[in-house]
Amino acid sequence: MSTSHEKTYVLVHGAWHSGRAWDRVTPLLSRAGHRVFAPSLTGHGEKEHLLGPEVGLDTHVADIVGLLVEEDLTGVTLVGHSYAGMVVSAVADRAPDRIAGLVHLDAMVPADGESALDVMPHTRYLLDLAASSDAPWRIPPLPEGPPPTGLFGVTDQADQAWLRTMLSDESARCFLQPVRLGNPAADAIPRTHIHCVGSEPPGVTRRPVPATQPNGAPSQVREVRSGHDCMITVPDELAELLLKADTR
């Protein structure tokens with residue numbers, strides 16, 4: 001349980017990553033006096049051996065809901081990076097009483113019934129590539145691109161080398177399984193959108209954020225100049241934005 005002076009952050013990594021992606025951000029939030037959890041989703045990090053074709057969005061939602069229940073976490077600032085925008089949206093719908101604020105960090109923001117493929121149609125080419133392989137359910141990490149794209153927006157060679165140590169394959173089901181939303185209690189949760197700007201890959205477009213949140217308040221949109229994996233490239237700037245994220 002949180003004290004009145006202490007926040008609890010649950011940081012959820014995106015596709016292909018692990019909880020180690022937050023290693024530069026976690027100590028900054030902890031030193032500010034807050035509790036921080038950065039779990040690896042099923043199929044990643046220390047759970048990489050659990051990856052299989054049956055792992056999907058629902059698996060990852062259950063991972064985070066299970067953490068909230070097992071640790072009896074309330075007043076949580078729930079942060080989802082990239083694909084994990086799908087995950088945290090569903091978690092907030094299932095456990096709104098435990099969530100104080102929702103942060104979409106350069107993330108997918110789905111509507112009810114949408115899959116990650118619906119939100120980001122350009123991911124179709126990854127599924128098509130896998131379909132012609134010996135393991136059509138297994139999606140390898142995105143390849144490195146030329147600057148400023150780099151490896152998930154990371155261009156420094158040392159940082160890229162570190163990032164590669166935490167990358168692993170994703171199940172196609174994570175991109176295809178639709179999210180189920182519809183709990184009106186989740187609408188009361190304040191939301192903050194943090195966009196990584198200045199190094200967007202060509203051909204990738206971001207959905208515009210509506211002018212108002214589901215709770216009727218003006219939408220809160222923040223920007224950080226960084227590639228996609230801002231927790232690796234600009235952890236100090238990201239931690240500052242997370243500390244300022246809207247909560248109830």
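How far CD of E170 is from CZ of R138: 10.5 Å, rounded to the nearest 0.5 Å. Taken from NE2 in H122 to CG in L117, the straight-line distance is 10.0 Å, to the nearest 0.5 Å. Annotation: the span from H81 atom NE2 to M108 atom CE amounts to 10.5 Å, rounded to 0.5 Å. Atom OG1 in T165 sits 7.5 Å away from atom CG in L167 (nearest 0.5 Å). Distance check, rounded to the nearest 0.5 Å: OG1 of T247 to CG of L102 gives 12.0 Å. To the nearest 0.5 Å, the span separating CZ on R35 from NZ on K7 amounts to 15.0 Å.
Proximity of a side-chain donor or acceptor of E6 to a complementary backbone N or O of H34 within less than 3.5 Å is not detected. Although no hydrogens or angles enter the test, the distance criterion places no donor-acceptor pair under 3.5 Å between the side chain of H60 and the main chain of D58. Checked by atom type and distance alone, the side chain of T42 never pairs as donor or acceptor with a backbone atom of T59 at under 3.5 Å. Remark: side-chain polar atoms of D118 are paired, donor with acceptor, to backbone N or O of S115 under 3.5 angstrom. A donor-acceptor pair under 3.5 Å links the side-chain atoms of S133 to the main chain of A130, judged by distance alone. Not a single donor-acceptor pair under 3.5 Å links the side chain of T26 to the backbone N or O of D23. No donor-acceptor pair under 3.5 Å is formed between the side chain of R173 and the backbone N or O of P53. Looking at W22, its side chain never comes within 3.5 Å of a backbone N or O of F37 through a donor-acceptor pair. Here the side chain of D156 pairs a donor or acceptor atom with the backbone of D159 at under 3.5 angstrom. Formation of a donor-acceptor pair under 3.5 Å by the Q220 side chain with backbone atoms of P218 is found in this model.
The only member of L78, V25, L243, V103 that meets side chain to side chain contact (heavy atoms under 4.5 Å, CB included) when paired with Y9 is L243. The one candidate from K47, R20, E46 that meets the side chain to side chain donor-acceptor pair (under 3.5 Å) condition with S40 is E46. Just one residue in the list T8, I99, D97, T74 forms a side chain to side chain contact (heavy atoms under 4.5 Å, CB included) with L68, and that residue is I99.
A pairwise comparison of heavy atoms in I194 and L242 identifies CD1-CD2, 4.0 Å as the closest pair. Closest non-hydrogen pair, S89 versus L181, comes out as O-CD2, 3.5 Å. Across R180 and P178, no two heavy atoms sit closer than the pair NH2-CG, 3.7 Å. Of all heavy-atom pairs spanning M166 and S18, the tightest one is CB-OG, 3.6 Å. Between S168 and P141, the closest heavy-atom pair is O-CG, 3.8 Å. Closest of all the heavy-atom pairs between P136 and A131 is CB-CA, 3.8 Å.
Under the 4.5 Å side-chain criterion, counting only non-hydrogen atoms from C-beta, Q213 is in contact with D246. Taking 4.5 Å as the limit, every side-chain heavy atom of I232 sits out of range of all side-chain heavy atoms of F152. Residues I64 and V88 are not in side-chain contact: their nearest non-hydrogen atoms beyond the backbone lie 4.5 Å or more apart. Within the 4.5 Å cutoff, side-chain heavy atoms of R225 are placed close to those of V197. Counting heavy atoms from C-beta on, the side chains of L238 and L105 come closer than 4.5 Å. Residues M86 and V119 meet the side-chain proximity criterion, which asks for heavy atoms closer than 4.5 Å. Side-chain contact check for R191 versus V109: every heavy-atom pair is 4.5 Å or farther apart. Counting only heavy atoms from C-beta outward, the side chains of V87 and L57 approach each other to under 4.5 Å.
Cluster annotation: L50 and V55 are assigned to distinct hydrophobic clusters (Ile/Leu/Val/Met/Phe/Trp/Tyr, side-chain heavy-atom contacts under 4.5 Å, transitive). Under the 4.5 Å side-chain heavy-atom criterion for Ile, Leu, Val, Met, Phe, Trp and Tyr, V76 and V79 are members of distinct hydrophobic clusters. In the hydrophobic clustering of this structure, V10 groups with V61; members are Ile, Leu, Val, Met, Phe, Trp, Tyr whose side-chain heavy atoms approach within less than 4.5 Å, directly or through other members. V36 and L28 are assigned to two separate hydrophobic clusters, defined by single-linkage of ILVMFWY side chains at heavy-atom distances under 4.5 Å. M231 and L151 fall within a single hydrophobic cluster, where Ile, Leu, Val, Met, Phe, Trp and Tyr side chains are chained together by heavy-atom contacts under 4.5 Å.
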Side chain to side chain donor-acceptor pair (under 3.5 Å) between S82 and H228, intermediate numbers included: CA-CA 8 Å; S82 195; H228 184 55; 2.9 Å; yes
May I have the step-by-step check of side chain to side chain contact (heavy atoms under 4.5 Å, CB included) for V12 and V91, ending in yes or no? CA-CA 11 Å; V12 187; V91 171; over 6 Å; no
Under the side chain to side chain donor-acceptor pair (under 3.5 Å) criterion, do T233 and S226 qualify, and how do the steps go? CA-CA 7 Å; T233 57; S226 169; 2.7 Å; yes
Evaluate ring pair (Phe, Tyr, Trp, His ring centres under 6.0 Å) for W16 paired with F175, printing each intermediate quantity in order. CA-CA 12 Å; W16 303 293; F175 297 100; 5.6 Å; yes
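For the side-chain hydrogen bond (donor to acceptor under 3.5 Å, both in side chains) test, no residue two or more places apart in sequence or in another chain qualifies with E237. In terms of the side-chain hydrogen bond (donor to acceptor under 3.5 Å, both in side chains) criterion, residue partners of Q160 (sequence neighbours excluded) are, by chain and number, E144. Checked against ring pair (Phe, Tyr, Trp, His ring centres under 6.0 Å), W137 has no partners two or more places apart in sequence or in another chain.
In this structure, R206 pairs ionically with D106, as a charged nitrogen and a carboxylate oxygen lie closer than 4.0 Å. Between D236 and R24 no salt bridge is recorded (no basic side-chain N to carboxylate O distance below 4.0 Å).
Under a cut-off of 6.0 angstrom, the local environment of CD in E240 is sparse, with at most 12 non-hydrogen atoms contributed by other residues, nucleotides or ligands.
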